[in-house]
> 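Can you read through this structure? Questions will come right after.
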Protein chains: 2
Amino acid sequence: MATIFDVARRADVSVATVSRVINHPGKVTEKTRQKVNTAMEACGYVYNALAMGLSTKRSRTIGIVIPNIINPIFSESTRGIQDYASEKGYHVILVNTDYLYEKEKRLVNLLREKQVEGLVLTTNKPGGEVVHGLIKDEFPFVLIYSHPKHPGVAFVGVDNIQGGFRATELLISLKHRRIGMIALDFSLSDRSYQRWLGYRRSLKKNGLPYDPGLVVQTEYAFEKGEKAVELLMGLPHPPTAIFCSNDILALGAMKGFKEIGKRIPEEISIVGFDDIAFSKFVAPPLTSIHQPAYEMGWKATEILFELLSKIPVQASRHRILLDTELAVRQSCAPFFKKKVKN
Amino acid sequence: MATIFDVARRADVSVATVSRVINHPGKVTEKTRQKVNTAMEACGYVYNALAMGLSTKRSRTIGIVIPNIINPIFSESTRGIQDYASEKGYHVILVNTDYLYEKEKRLVNLLREKQVEGLVLTTNKPGGEVVHGLIKDEFPFVLIYSHPKHPGVAFVGVDNIQGGFRATELLISLKHRRIGMIALDFSLSDRSYQRWLGYRRSLKKNGLPYDPGLVVQTEYAFEKGEKAVELLMGLPHPPTAIFCSNDILALGAMKGFKEIGKRIPEEISIVGFDDIAFSKFVAPPLTSIHQPAYEMGWKATEILFELLSKIPVQASRHRILLDTELAVRQSCAPFFKKKVKN
DNA sequence: CTCCTATATGAAAACGTTTACATCTTATAG
DNA sequence: CTATAAGATGTAAACGTTTTCATATAGGAG
């Protein structure tokens, strides 16, 4: 591979000059610039960004840590991050934690070894040692989705408690009294836990009892949502409405209900969380709590770059709460007491 | 930031030794290893993979080029790529071309500057200069989705012509005679073009005339599929069935039909391409041509690593055609001639 | 024509690793 | 107790940039 030296020799200039035509073309005569450019062409020169990174200590790369790129809610925010970063001439290294904290730890370290300049992090334990280590080392990062437990940590996301609350309020306003929840395991995801907190808060506010048997914690997959339905409907007093902590689980649950012949929303109401694009298209269209994922990614990256620029930013700019919206569609209906024949 | 030198000084050994405990712990006494490890701890040493990359000329990074991570078909294969790469200790830089060839060109160059060791490339012009340049420079890469025009280029994907053919055959077997196609613009995507080729082939085989007015080329978005429906249904002789070159367009089209009150599949049949996970859940569940996206990504990366290892691989191993499957669901129905009243 | 300034260029050190080669230890065989 | 081999460690160059500082050149004022 041709290096800057080869180009320099060929153009009969010094490496410094070559470097200059690459980085500060204005600081070089038109004539030399020409010479250097043709020399580059001639030896098929390709710039080595690694060497640059070593020399300048700026890799022009940031890291993205998410549970799973396949979840549309994360691919959307990823796209938001990428678009902002690419506008700034940065690249992005993407890793998936699969909600596994050990993996998260390992990957964050690897990313730091790769000299990413900063991190957009979806952590599953916002009070955990990963975040702690980052703070200790003053490593630039911004959290998305999960709220920081530490003061001063940059963050963009929605209020998950409020979201869970809203979802449950809707169901209660429809006269449902036994409301189940299918949630991502709390040990895996703090967000899921927060949403559950909102669910409980709504129950309490409305004087409804909390029945732990009605909430099933599970893993992230369509099929898990399906399975959860079996469990819930096997109960002596099954729920008449279900709040799912994400749309994937909700979609799985819908499938589960259809399979046992329960009609949605007539016999069972469902509300999801995330409002991924596809939820509009399922049958019936899923009512869900909308999160502005793309915007979250974009904004988070915006803040990350402010952090990188070392311009002191007031902390208030560092914590952005975007609004969730209740996207009401057709998966929920009022509850009517079944007439018991006998 | 602490470097290997700092560690060396602190542990009272040479940098070579430190490097050895990192890379070849077996080549170092237990005692020194201990010393070095504690020294690392003590100064909070973090390895610099950039410097390693410069020194060894191996960045342990590969590049992924796809049109858009938000499309589930691409996020699935991305995950396949990542999983394989991460098993090999590699990271992945991800870029989106948005089906823009200029962007593809630019991004491939940037990726090479970042010293990625190889590329998994979804190109929109498999005969274009991007691929050409890669070949010329003997840069390791494997194509996915789009078939190479050049011999010897590694590839994993499905037969798009056959896929388009199958989709159309299904519709024809259901007695449809006017079959439209909503396709991603051919200038944007070679795959879309290939699928159209299959569509035409099926028409021809069954003695059906090809009517260019029935195929609308558009961009990648739900709304574009919706718009296309308007166009098609405004025709004097509108189609009774539609083949969409991807599921996103198909979903958009379904929405469009619902909006003008056309019932699917009774009044209009639709088949998609890709069979993304969500297509099972829409109403009615979408009949689609299934592509094993995760597997494609995985296999492509497997091949890429063979290429990287420079072990000569026989060319046959380099071209993998996976099978498409026709996932028959409920978006297609037999065509019955409408009784014309007057 | 000379002097000064502004601008263009060059030399060399630095960035943090790896690694070939040299050197020093240590253990073992004789 | 010495010679030798094997193993542990160290030295220094190399990887391909950027950047500071020094130097050369050109242009304009006097």
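Throughout, a chain's letter reflects where its sequence line sits, starting with A, and its residues are numbered from 1.
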> My understanding is that only residues two or more places apart in sequence, or in another chain, count here; which of them pass ring pair (Phe, Tyr, Trp, His ring centres under 6.0 Å) with A:Y294?
none
> For residues 29-46 of chain B, pull every pair meeting salt bridge (charged side-chain N to carboxylate O under 4.0 Å, His left out), keeping only residues two or more places apart or in separate chains.
B:E30-B:R33
> Show me the side-chain donor-acceptor pairs of residues 3-19 of chain B shorter than 3.5 Å, one per line, residues at least two apart or across chains.
unit_1: B:T3; atom_1: OG1; unit_2: B:F5; atom_2: N; d: 3.0
unit_1: B:D6; atom_1: OD1; unit_2: B:R9; atom_2: NH2; d: 3.4
unit_1: B:D6; atom_1: OD2; unit_2: B:T3; atom_2: N; d: 2.7
unit_1: B:S14; atom_1: OG; unit_2: B:A16; atom_2: N; d: 3.3
unit_1: B:S14; atom_1: OG; unit_2: B:T17; atom_2: N; d: 3.3
unit_1: B:S14; atom_1: OG; unit_2: B:T17; atom_2: OG1; d: 3.3
unit_1: B:S19; atom_1: OG; unit_2: B:N23; atom_2: ND2; d: 3.4

> By salt bridge (charged side-chain N to carboxylate O under 4.0 Å, His left out), which residues pair with A:K57, not counting sequence neighbours?
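For A:K57, no residue satisfies salt bridge (charged side-chain N to carboxylate O under 4.0 Å, His left out) once neighbours in sequence are set aside.
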> Nearest-Å distance, CD (B:Q115) to C1' (D:dT17)?
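Result: 11 Å.
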> Would you please name every residue forming a side-chain contact (heavy atoms from CB on, under 4.5 Å) with B:T38, sequence neighbours left out?
none
> Scan nucleotides 16-19 of chain C against the protein and return all N/O pairs shorter than 3.5 Å with their distances rounded to 0.1 Å.
unit_1: C:dG16; atom_1: OP1; unit_2: A:K57; atom_2: NZ; d: 3.2
unit_1: C:dT17; atom_1: OP1; unit_2: B:Y45; atom_2: OH; d: 2.8
unit_1: C:dT17; atom_1: OP1; unit_2: B:N48; atom_2: N; d: 3.4
unit_1: C:dT17; atom_1: OP2; unit_2: B:I4; atom_2: N; d: 2.8
unit_1: C:dT17; atom_1: O5'; unit_2: B:Y45; atom_2: OH; d: 3.3
unit_1: C:dT17; atom_1: O2; unit_2: B:S55; atom_2: OG; d: 3.0
unit_1: C:dT18; atom_1: OP1; unit_2: B:N23; atom_2: OD1; d: 3.4
unit_1: C:dT18; atom_1: OP1; unit_2: B:N23; atom_2: ND2; d: 2.7
unit_1: C:dT18; atom_1: OP1; unit_2: B:Y47; atom_2: OH; d: 2.8
unit_1: C:dT18; atom_1: OP2; unit_2: B:S19; atom_2: OG; d: 2.3
unit_1: C:dT18; atom_1: OP2; unit_2: B:N23; atom_2: ND2; d: 3.2
unit_1: C:dT18; atom_1: O4'; unit_2: B:S55; atom_2: OG; d: 2.7

> Who passes side-chain contact (heavy atoms from CB on, under 4.5 Å) against A:S189, sequence neighbours left out?
A:Y99, A:L184, A:R191, A:S192
> Restricting to side-chain contact (heavy atoms from CB on, under 4.5 Å), what partner residues turn up for A:D185, sequence neighbours left out?
A:S187, A:L188, A:Q217
> Determine which pairs satisfy ring-ring contact (aromatic ring centres under 6.0 Å, His included) with at least one residue from residues 104-145 of chain A, sequence neighbours left out, and list them in order.
A:F74-A:Y145, A:H132-A:H150
> Would you mind reading off the distance between A:K31 atom NZ and D:dT25 atom P, rounded to a whole angstrom?
12 Å
> Can you give me the bend angle of the helix from C:dC1-D:dG30 to C:dG30-D:dC1? Use the axis through the first five pairs and the one through the last five, nearest 10 degrees.
40°
> Nearest whole angstrom, please: distance from the C1' of C:dC15 to the CZ of A:R60.
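That distance rounds to 16 Å.
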> Rounded to the nearest Å, what distance is computed from the CD atom of residue B:E113 to the C1' atom of nucleotide D:dC15?
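Atom-to-atom, B:E113 to D:dC15, this comes out as 17 Å.
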> Would you call the rings of A:W298 and A:Y84 parallel, tilted or perpendicular, where under 30° means parallel and over 60° means perpendicular?
perpendicular
> N/O contacts under 3.5 Å, protein versus nucleotides 4-8 of chain D?
unit_1: D:dA8; atom_1: O3'; unit_2: B:T29; atom_2: OG1; d: 3.1

> Not counting sequence neighbours, list each pair that qualifies as a ring-ring contact (aromatic ring centres under 6.0 Å, His included) and has a residue in residues 9-63 of chain B.
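Applying ring-ring contact (aromatic ring centres under 6.0 Å, His included) to every pair that reaches into residues 9-63 of chain B, excluding sequence neighbours, yields nothing.
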